[in-house]
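What you see below is based on every heavy atom in this structure, not just the backbone, and it leaves out hydrogens, waters and symmetry mates.
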Amino acid sequence: WQMDFDWFNKWDSGFLFDIGTGFQHRTYKNDTPLSDETGLGKYRVDIPFRFSTGLGWAFTPEWKAVYNLKYETNLSNKSPYVRNIHGLTVNGQF
């Protein structure tokens, strides 16, 4: 099961933003976890979480620049991780 929430504005010009979050719960009954000492049970469990945001400016309806940040983490008894992903997007039309 999973839940995702995203909120953003779509102006033709000016300040742009996007804020989002989400998480999932995944159980793999046929996969053996590396450790059952985590309290997540005897089956493999992944619980990924996401937080993302984007801040930018629309110079015209055709030209936009947006900085994106995405933070991901996975609480797991097999493959835990934490990631920060940064990006810059420039969109334009001629």
Side-chain angles (χ1 to χ4, degrees):
W1 52 271
Q2 71 181 34
M3 295 176 70
D4 282 306
F5 303 98
D6 291 295
W7 182 43
F8 57 92
N9 70 345
K10 287 193 162 202
W11 307 129
D12 288 335
S13 63
F15 181 67
L16 302 171
F17 68 88
D18 178 359
I19 298 172
T21 187
F23 67 94
Q24 297 179 4
H25 184 276
R26 301 176 190 158
T27 303
Y28 304 89
K29 298 276 185 189
N30 297 327
D31 197 359
T32 307
L34 293 177
S35 174
D36 56 359
E37 297 174 3
T38 61
L40 295 176
K42 63 181 183 175
Y43 299 110
R44 178 182 171 190
V45 174
D46 288 344
I47 305 173
F49 171 76
R50 168 191 64 89
F51 173 78
S52 60
T53 186
L55 301 172
W57 192 264
F59 302 101
T60 67
E62 293 84 21
W63 287 91
K64 300 175 176 97
V66 180
Y67 167 73
N68 298 295
L69 170 65
K70 186 175 184 182
Y71 172 81
E72 295 179 328
T73 185
N74 185 20
L75 176 63
S76 173
N77 56 1
K78 183 151 188 175
S79 58
Y81 61 82
V82 175
R83 294 183 186 134
N84 285 310
I85 302 169
H86 302 268
L88 179 63
T89 305
V90 178
N91 295 327
Q93 297 177 4
F94 292 100

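Of all heavy-atom pairs between Val66 and Leu16, the closest is CG2-CD1, 4.1 Å. Nearest heavy-atom pair across Phe59 and Ala65 is CE1-CB, 4.0 Å. Closest non-hydrogen pair, Tyr28 versus Asp46, comes out as CE1-OD2, 3.4 Å. In plain terms, the two heavy atoms of Asn77 and Tyr43 that are nearest each other are ND2-O, 3.0 Å. Counting all heavy atoms, side chain and backbone alike, His25 lies closest to Val45 at NE2-CG1, 3.8 Å. Between Arg50 and Gly20, the shortest heavy-atom distance links the atoms NH1-C, 3.6 Å.
Here the straight-line distance linking atom CG of Asn9 with atom CD1 of Ile19 works out to 9.5 Å at 0.5 Å rounding. Distance CZ/Phe5 to OG1/Thr21: 8.0 Å, rounded to 0.5 Å. The CH2 atom of Trp7 lies 10.5 Å from the OG1 atom of Thr53; values are rounded to the nearest 0.5 Å.
Between Tyr67 and Trp57, the distance from one ring center to the other does not fall under 6.0 angstrom.
Under the salt bridge (Lys or Arg N to Asp or Glu O under 4.0 Å) criterion, the residue pairs touching residues 58-71 are Lys70-Glu72, with sequence neighbours excluded.
The side-chain heavy atoms of Gln2 and Pro48, taken from C-beta on, include no pair separated by under 4.5 Å. Side-chain atoms of Arg44 and Ser79, non-hydrogen and from C-beta on, do get closer than 4.5 Å to each other. Residues Phe23 and Trp1 are in side-chain contact: their nearest non-hydrogen atoms beyond the backbone lie under 4.5 Å apart.
In terms of modelled atom types and a separation under 3.5 Å, the side chain of Ser13 and the main chain of Pro61 share no donor-acceptor contact. With hydrogens and angles ignored, the 3.5 Å screen pairs a side-chain donor or acceptor of Asn74 with a backbone N or O of Ile47.
Contacts of Thr73 classified as side chain to side chain contact (heavy atoms under 4.5 Å, CB included), with partners at least two apart in sequence or in another chain: Phe49, Tyr71, Val82.
Cation-pi geometry between Arg83 and Tyr81 is met: under 6.0 angstrom from the ring centre, within 45 degrees of the axis.
Heavy atoms from other residues, nucleotides or ligands lying under 6.0 Å from CZ of Phe17 number more than 12.
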